[in-house]
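Encoded as structure tokens, the structure appears first; notes follow it.
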Amino acid sequence: MKKHAKKSDLTHPSKNGYERITPADLKHSGEINKLYMDFIARAKTEREAHDEALLLLEAAGFRNMAAHEKNGTRLRPGDRVYRSCEGKTLMAVTVGKKPLEAGMHIVGGHTDSPRIDLKQNPLYENTGMAMLDTHYYGGIKKYQWVTIPLALHGVFVKPDGKKVKVTIGEDPSDPVFCITDLLPHLAQDQNKKSAAEAIPGEGLDVVAGTIPVNEKDRKEKFKYKVLKILGAKYGITEADFLSAELEIVPAGHPREAGLDRSMVLAYGHDDRVCAYAGLKALLDLKGIPEYTAAVLLCDKEEIGSVGATGMASNFFENTAAELLNLTTSSYSELALKRALSNSWMISADVNALFDPMFPSVYEKRNSALINHGVCVSKYGGARGKSGSSDASAEFMAHIRRIFDRNGVIWQTGELGKVDQGGGGTIAHLMARYGMQVVDCGVGLFSMHAPMELAGKLDIFMSYKGYLAFLKDGRK
Ligand code: MN
Ligand code: MN
């Protein structure tokens, strides 16, 4: 019988990462955070995140798998490829030494964030104002989105397929948009409502203009003025809103926060922070990994991973099938199933940080703390772990081994008190294949708010942890 390891201290206190981080990692953290801030300044929608990721992948020698699929050229260990879905969802891969049937190491995050979408027929006027009607996307606290500067990002697609990209409100010379709120002097009734009811869903319409056109017989002169401006600048008409995806997001760039510049305040950390950390880890993965290393940047997580670009679709499975077909001479459904069930995955999504302003909703000993490192959540779900893809103790042991061996500062954390809340990620959708999956990502303050707050050390440790996971040889 083996003797138990002797340890002078049997306890495992959670320690602030700044008491443990090496000078080399501290310097590296500064570099990674700067690159991340550059990335999210340009990637404020899932389409933009997809396009920015493609630029980085192409620059690092990743090639479109579609070319291989078309002409049948094989993929060999070390080859770097990607596969795109409708310009929104993306999977990038470095082919490993072992056959795909042995499984992949996958880091999967999402690039859609809560926001306010324009309706299909958005433009109208009322009382001398041109307005844009909206339908919010994802779980937002609506009162947070009024009276702040907003930008319009998106795409119009003409019937001939021509795409017109639109970004208004990001350049300092651009105008911005705004949703109005009631002055306190007239808010007696509003103040009595719950926070959820104070601003109704139909109360999030955006002010688009207030000058009429100077045309005598024109009806709806204020609305027409906006159409004239859009027509002159982008060549679009009112009908083009019918085939468009236009997203209202907070205007402006991410900022360093705190006197010590230890945090990043930005729109869309959830989940571009984990998506970027995963992507950057794959880009920085040197040599040929033992297992095929994959990163998934997916869409529609915030509304349940539905639709063709969400992880409930077959995109991931189809991509794995194409990969198998290009890396083996004996493709079979059984081999595909083995490739999927033998895979290991980090579901890279954000978690909630313990917030001393709201201590009653957290259980402190099992909540993620700022600067205590990347947060691993064995399970999520709500009310009795319902809906959770509870990771096995065996897989948790592998994650411990990988992170501890590679100097990753990490912690565990549960989203809030039992029976208080809980949340979902894409973990359960990947666990369907029988693969090992665990949630692991950056803790946030003010999740789903227009501006979310994250610690730089935690952001860096997610990158470091994902990189260690992608290159791990399971030994
Ligand atoms: Mn998320
Ligand atoms: Mn979310």
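Order of listing sets the numbers, starting from 1, for every ligand and every atom in it.
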Item checked: Under 3.5 Å: donor-acceptor pair, side chain of Asp174, backbone of Gly169 ->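 Here the side-chain-to-backbone pair exists.
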Check: Between Asp458 (side chain) and Asn371 (backbone), is there a donor-acceptor pair under 3.5 Å?
Finding: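 Side chain of Asp458 to backbone of Asn371: a pair is present.
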Check: Does the shortest distance from the Mn ion (ligand 1) to an N/O/S atom of Asp271 fall below 2.8 Å?
Finding: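 No, since none of the N, O or S atoms of Asp271 sits under 2.8 Å from the Mn ion (ligand 1).
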Next item on the list: Using 2.8 Å as a strict upper limit, say whether an N, O or S atom of His110 approaches the Mn ion (ligand 1) that closely.
Entry: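 Under 2.8 Å: His110 contacts the Mn ion (ligand 1) through an N, O or S atom.
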Check: When you measure from the Mn ion (ligand 2) to each N, O or S atom of Asp270, which atom gives the shortest distance?
Finding: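 Result for Asp270 and the Mn ion (ligand 2): OD2.
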Checklist line | Shortest-distance N/O/S atom, Glu302 versus the Mn ion (ligand 2) | finding: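 It is OE2 of Glu302.
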Margin query: Below 30° counts as parallel, above 60° as perpendicular, anything between as tilted: where do the rings of Phe395 and Phe469 land?
Written below: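 Rings of Phe395 and Phe469: perpendicular, over 60°.
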Next item on the list: Classify the ring geometry between Trp145 and Tyr267 as parallel (under 30°), tilted (30 to 60°) or perpendicular (over 60°).
Entry: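 The rings of Trp145 and Tyr267 stand perpendicular, inter-plane angle above 60°.
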Checklist line | Atom nearest to the Mn ion (ligand 1) - Asp349, N, O or S atoms considered | finding: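 Closest to the Mn ion (ligand 1) among those atoms: OD1.
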Notebook entry, point to check: Cation over ring, Arg272 on Phe39, under 6.0 Å and within 45°?
Noted result: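 Because its charged atom misses either the 6.0 Å distance or the 45° angle limit, Arg272 does not stack over Phe39.
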